[in-house]
Protein chains: 2
Amino acid sequence: MEECCFREDQELCIFYSSRLLELIMKKYTYAILVVLDKYGKLRFNEIQRKILGLTQRTLSIRLKELEKVKLIKRVVEPSEPVKVYYTITTEGKAVKNAMQILVSLANLLDNNKDAYLC
Amino acid sequence: MEECCFREDQELCIFYSSRLLELIMKKYTYAILVVLDKYGKLRFNEIQRKILGLTQRTLSIRLKELEKVKLIKRVVEPSEPVKVYYTITTEGKAVKNAMQILVSLANLLDNNKDAYLC
DNA sequence: CCGTATCCCTTACGATACTG
DNA sequence: CAGTATCGTAAGGGATACGG
């Protein structure tokens, strides 16, 4: 997880993975960042409805993970009843944009013509 | 896997995942692309020795997956005995570079100071 | 509406041993 | 050297049901 890979002469160091990178690569992470970036702020069920196949369970887990590393922010509106919103942070936008390059490239190279991004 | 995510009005389409993207995100994929890019061509055991923690089994699987999608190339040198080399393709370099942005960003944002990239 | 808990299945991957 | 085969464990995530 936090391991480093060294060449015999200790010159090259490749970090093949980090906790954040692993989170970024998990299913639906990118989709969540995209919808939050597009819509500014969304409620739990709004996010779920916008992303096909995303279950409440996975959304719940993913939101907590994303909030913990500050890629998104959980905002509780003190109304009656209370409303919970999620927004994307500046760091989240940076990650989303970097991901977008990779996703576009992957779709470009992917032989599977069903796989595309709009 | 090849699913698309639609908003109710069918306007937004987010592709959260593709086979290629999943491969790119697998453990050691990035490390393999980096060493092949750095050294030009490498043999099976050379790659394994350069990447700490990478087992023969995983390397074998990953090389086949990467070759299949043409991010790397398997070259058999007709010598005696036969030598097998692996090289990175232009597409592989593009993916590696896109990944590098994300890895750098992840390391930058990662709170874990043990997690770094050199 | 906003989640949490439980069950279960699939896949990734490490360890180890073996082969041409 | 360049792999393959088998086994075991752990994590991801879908389905479903439940709670404040």
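So you know, we letter chains A, B, ... as the sequences are listed, proteins then strands, and number each from 1.
Residue Gln56(B) has its side chain nearest to dA17(C) when only dA12(C), dC1(D), dA17(C) are considered. In the set dA2(D), dG14(D), dA12(C), dA12(C) carries the atom at the smallest distance from any side-chain atom of Lys26(B).
Across every non-hydrogen atom of Ala98(A) and Leu102(B), the tightest pair is CB-CD1, 3.4 Å. Between Tyr86(A) and Leu36(A), the closest heavy-atom pair is O-CD2, 3.3 Å. The heavy-atom pair separating Arg43(B) from Tyr85(B) by the smallest distance is CG-CE2, 3.4 Å.
An OP1 or OP2 oxygen of dT4(D) is reached within less than 4.0 angstrom by a side-chain nitrogen or oxygen of Lys64(B). Proximity of Arg19(A) to the phosphate of dA11(D): no side-chain N or O atom is located under 4.0 Å from OP1 or OP2. For Lys27(A), a side-chain nitrogen or oxygen approaches OP1 or OP2 of dG14(D) to under 4.0 Å. Taking 4.0 angstrom as the limit, Thr58(B) places none of its side-chain polar atoms (N or O) nearer than this to OP1 or OP2 of dA12(C). Between Arg62(B) and dG14(C) there is no side-chain N or O to OP1 or OP2 distance below 4.0 Å. Taking side-chain N and O atoms only, Arg49(A) has no distance below 4.0 Å to OP1 or OP2 of dC2(C).
The CG-P distance, from Leu23(B) to dA12(C), rounds to 10 Å in whole Å. Rounding to whole angstrom units, CD of residue Glu46(B) and C1' of dA2(D) are separated by 12 Å. Taking atom OH of Tyr86(A) as the reference point, atom P of dC1(C) lies 14 Å away to the nearest angstrom. If you measure from atom CD1 of Ile32(B) to atom P of dG3(D), you get 12 Å, rounded to the nearest angstrom. Computed from coordinates, the Ile61(A) CD1 to dT4(C) C1' distance equals 10 Å when rounded to whole Å. Between Leu59(A) atom CG and dG14(D) atom P the separation is 11 Å, expressed in whole Å. Rounding to whole angstrom units, CD of residue Gln48(B) and P of dC13(C) are separated by 15 Å. One atom, CG of Leu54(A), and another, C1' of dG13(D), lie 11 Å apart when rounded to the nearest Å.
As judged by a 4.0 angstrom heavy-atom cut-off over every strand, Tyr85(B) is placed among residues making no nucleic acid contact. Within 4.0 Å of Arg57(B), counting heavy atoms only, lies at least one base atom of the nucleic acid.
Note that Lys50(B) lies in the cation-pi zone of Tyr39(B), set by a 6.0 Å cut-off to the ring centre and a 45° limit from the axis.
Ranked by how close their nearest DNA chain C nucleotide is to the 5' end, Ser60(A) and Thr55(B) are led by Ser60(A).
A heavy-atom distance below 4.5 Å is not found between the side chains of Met25(A) and Tyr30(A).
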